[in-house]
Participant: 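First the structure, which I've put down as structure tokens, then a few questions once you've had a look.
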Amino acid sequence: MGNDKTNMIVAIALSLAVLLGWNYFIAAPRVEQQRQAALLEKAAQGQAATGQAGVDGVPTPSPKEGQPSSPIPGTLGSPTQTVESREAALARSPRVRIETPALSGSVSLKGGRIDDVLLKGYHETVDDKSPRIVLLSPTGSANPYFAEFGWVGQNAGPLPTGETVWTADGTVLSPGTPLTLTFDNGAGLVFKRVLTVDDKFMFTVRDEVENKSANPVTLYPYSLVSRWGKPQTQGFYVLHEGMIGVLGGEGLQEYTYDHVAKEPPYGNGGTKGKAWANVTGGFVGITDKYWAAAAIPDQAEAYTGAFTERTDGATKVYQASVRGDGRTIALGASLGATQRLFAGAKEVNAITTYEKDLGIKQFDLMIDWGWFHFITKPMFRALDFFFHLFGNFGVSILVVTLLLKILFLPIANKSYKSMAKMKAVQPEMLSIRERYGDDKMKQQQAMMELYKKEKINPVAGCWPVLIQIPVFFALYKVLFITIEMRHAPFFGWIQDLAAPDPTSLLNLFGLLPYAAPDFVHLGIWPIIMGITMFIQMKMNPAPPDPVQAQIFTFMPIVFTFMLGSFPAGLVIYWAWNNTLSVIQQYVIMRQNGVKVELWDNLSGMVKKKPADKVPTVKS
């Protein structure tokens, strides 16, 4: 009977395993594949009904016989041409200068593209004399990266393309000084583009069309961000780099460059990608660690958003695009569409302000706060608050760490009191070990009775470490992803809290005249952190197990080398937290009448134990 019951349980377990495995590995992927195919087919059918063909998420006309067609947006000016310097590429087209407190660059009158943007407040290194960060660059340069706006449609005559030369009404685009571009297609349509820019990183583009032709026309507004060539990425799992967007109810979508290339074919010409049809609100763009460019449609109108990848010659072209619904322009009428472009640094306050003031759906997700955003966001806000008080993010880290210590004081005090009690009963613990010898079962029973009698929680000492883990991760995330921490100085040799300590033990912290190798990065602050961690551990009762005691002894050394390559701000936090913990533990031990045997423990490390007292570990 017992065997039958066992066999029945095994049979049920195996059946569940088969069912779950089939659903996870076969059924679910097949359903998802069918769903994606249906969405693509639906999008294609919707485009065919209006005479459109989808390319890179932006439809192009399917004109009648003999009717001129509009080229695929974003494909003209291909980098398959001879690559030249950025300055030479800029000189190939007439331009209007961009000048704001945050940006400099130019608008290309050829194509009406925004393809030349430099960030005034950010440099490549901590040296203010180093080159400024170049965000957008024109076709023909080594790394083309630009934003394009316009219309696609059919039976409308020639539409503006990347080769169209627009006429400008001014010589500079700046806050309070808009720029108007015009183009007459010679077939009855007059196009006007009004560009405005704020004092940060947001462009507003108003495209208007006046119909003077003999027939009504239907046009579709589009905007896109195009990047030619796969950029070098950092490849950290805590950071997303690549295509990013919030697509209405579909929510946040993040695709790496490799991921979008694995998507099924989309549109024509060997393009691959993913599209989301009939969504409202959000944005699409391309993000780096600190910088981003994003096309932002009208938040009240439906659109189709897409991430695509195609090959142009030997160059991979990555594109994030949006296309609005068709708009019919009657005879003698005018019609317009307003879209926006974000091109700049992912400053938290700027991003948040844009989301609130412009109503851009979940624009704050442009910054990769991660799954634990409910910890990382408040952590940044606290650091930013104290930065504005003290003017130094390093000091801000020290203050926030102190406040967190105060916040968790009751839990930590309870933990340290329990550890102090363990220190007080350590002679009894050693007596139990000697009394029961190799009988581990009786040892554990006697230990548990002792803990119960003295009201000691043996795992209470873990709480300070467990509390520190989420704080550590949140601070690491903030230091790693937020541009506010980039090149933020502390004091002395720490000029970038987001970078490792630049000093190295291997060249005696710069005293020896050679550069230390990168594979062993051990600066002054990691060593300070290791010392504070070592002192903290030596204040605790030594584990009764000699092997465990050896592990705890070497743990500070392991952490010192491990954190050597971490951001300096994180190492400073850890060292300061350890220092506060040592002070707190010292006070609690004295309050509980427990002798602080730090110096005894340190001196005991150098004293040789008698041979008959050296513990042995049986194999």
Side-chain angles (χ1 to χ4, degrees), residues 100-103 117-128 130 132-133 135 198-202 234 236 238-241 244 285 287-294 342-357 362-370 372-404 471-491 494-502 525 566-574 576:
T100 80
L103 304 175
V117 170
L118 287 80
L119 308 183
K120 286 184 175 180
Y122 298 95
H123 298 261
E124 293 182 1
T125 70
V126 294
D127 185 357
D128 289 340
S130 64
R132 288 174 175 168
I133 294 296
L135 181 61
D198 65 7
D199 59 354
K200 280 300 218 178
F201 312 115
M202 189 66 74
Q234 300 202 12
F236 285 90
V238 296
L239 173 70
H240 172 70
E241 296 172 279
I244 187 171
T287 182
D288 297 316
K289 180 178 181 179
Y290 294 123
W291 339 105
F342 174 86
K346 297 192 295 185
E347 296 176 359
V348 175
N349 290 332
I351 294 287
T352 304
T353 300
Y354 286 138
E355 178 181 7
K356 179 181 177 182
D357 293 350
Q362 294 182 295
F363 196 51
D364 65 319
L365 296 181
M366 178 68 77
I367 300 172
D368 186 10
W369 295 110
F372 298 98
H373 55 87
F374 53 89
I375 300 177
T376 51
K377 276 188 177 182
M379 173 66 75
F380 171 80
R381 289 300 178 191
L383 292 172
D384 190 57
F385 174 80
F386 288 107
F387 167 74
H388 284 91
L389 283 182
F390 301 108
N392 187 299
F393 268 114
V395 173
S396 182
I397 289 173
L398 301 182
V399 173
V400 170
T401 305
L402 178 60
L403 293 178
L404 288 171
V471 175
F472 176 86
F473 176 79
L475 183 58
Y476 172 72
K477 184 80 170 179
V478 168
L479 284 166
F480 192 74
I481 67 168
T482 57
I483 194 170
E484 287 78 1
M485 297 296 173
R486 179 182 184 266
H487 296 173
F490 183 44
F491 296 114
I494 302 297
Q495 296 300 308
D496 186 356
L497 288 167
D501 187 325
W525 270 107
F566 275 51
L570 196 65
V571 181
I572 292 170
Y573 153 75
W574 197 286
W576 175 234

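Treat the numbers as computed from the prediction; the structure is a model and nothing was measured.
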Participant: If you define the side chain from C-beta out and look only at heavy atoms, does anything of I572 sit under 4.5 Å from T401?
Facilitator: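 I572 does not reach T401 side chain to side chain.
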Participant: Whether the side chain of D501 engages the backbone of A568 through a donor-acceptor N/O pair (distance < 3.5 Å, no angle test) should be reported.
Facilitator: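 Flag not set: sc D501 to bb A568 has no pair under 3.5 Å.
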Participant: Between the side chain of K200 and the main-chain N/O of A345, is any donor-acceptor distance below 3.5 Å?
Facilitator: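 No; zero donor-acceptor contacts below 3.5 Å.
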Participant: Among all residues two or more places apart in sequence or in another chain, which pass the salt bridge (charged side-chain N to carboxylate O under 4.0 Å, His left out) test with D496?
Facilitator: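 Salt bridge (charged side-chain N to carboxylate O under 4.0 Å, His left out) check on D496 returns nothing, list empty.
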Participant: Only counting residues at least two apart or in another chain, list the ones meeting salt bridge (charged side-chain N to carboxylate O under 4.0 Å, His left out) with D198.
Facilitator: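 Per chain and number, D198 pairs via salt bridge (charged side-chain N to carboxylate O under 4.0 Å, His left out) with no residue.
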Participant: Using the test side-chain hydrogen bond (donor to acceptor under 3.5 Å, both in side chains), find all partners of E355 that sit at least two apart in sequence or belong to another chain.
Facilitator: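 Once residues adjacent in sequence are excluded, E355 has no partner under the side-chain hydrogen bond (donor to acceptor under 3.5 Å, both in side chains) criterion.
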Participant: State which residues pass salt bridge (charged side-chain N to carboxylate O under 4.0 Å, His left out) with K356; sequence neighbours excluded, sorted by chain then number.
Facilitator: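 Result, salt bridge (charged side-chain N to carboxylate O under 4.0 Å, His left out) vs K356: none returned.
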Participant: Can you pull the salt bridge (charged side-chain N to carboxylate O under 4.0 Å, His left out) pairs that have at least one residue in residues 384-400, sequence neighbours excluded?
Facilitator: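 Found none.
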Participant: Partners of K289 by side-chain hydrogen bond (donor to acceptor under 3.5 Å, both in side chains), sequence neighbours excluded?
Facilitator: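 Once residues adjacent in sequence are excluded, K289 has no partner under the side-chain hydrogen bond (donor to acceptor under 3.5 Å, both in side chains) criterion.
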Participant: Please check: side-chain N/O of K346 versus main-chain N/O of D288, any donor-acceptor pairing under 3.5 Å?
Facilitator: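 Yes, because the side chain of K346 sits within donor-acceptor range (under 3.5 Å) of the backbone of D288.
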Participant: Side chain of Y573, backbone of V400: donor and acceptor closer than 3.5 Å?
Facilitator: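 It does not hold such a pair.
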Participant: So F566 and Y476, would you call those rings parallel, tilted or perpendicular, with 30° and 60° as cut-offs?
Facilitator: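 Taking Y476 first and then F566, their aromatic rings sit tilted (interplane angle of 30° to 60°).
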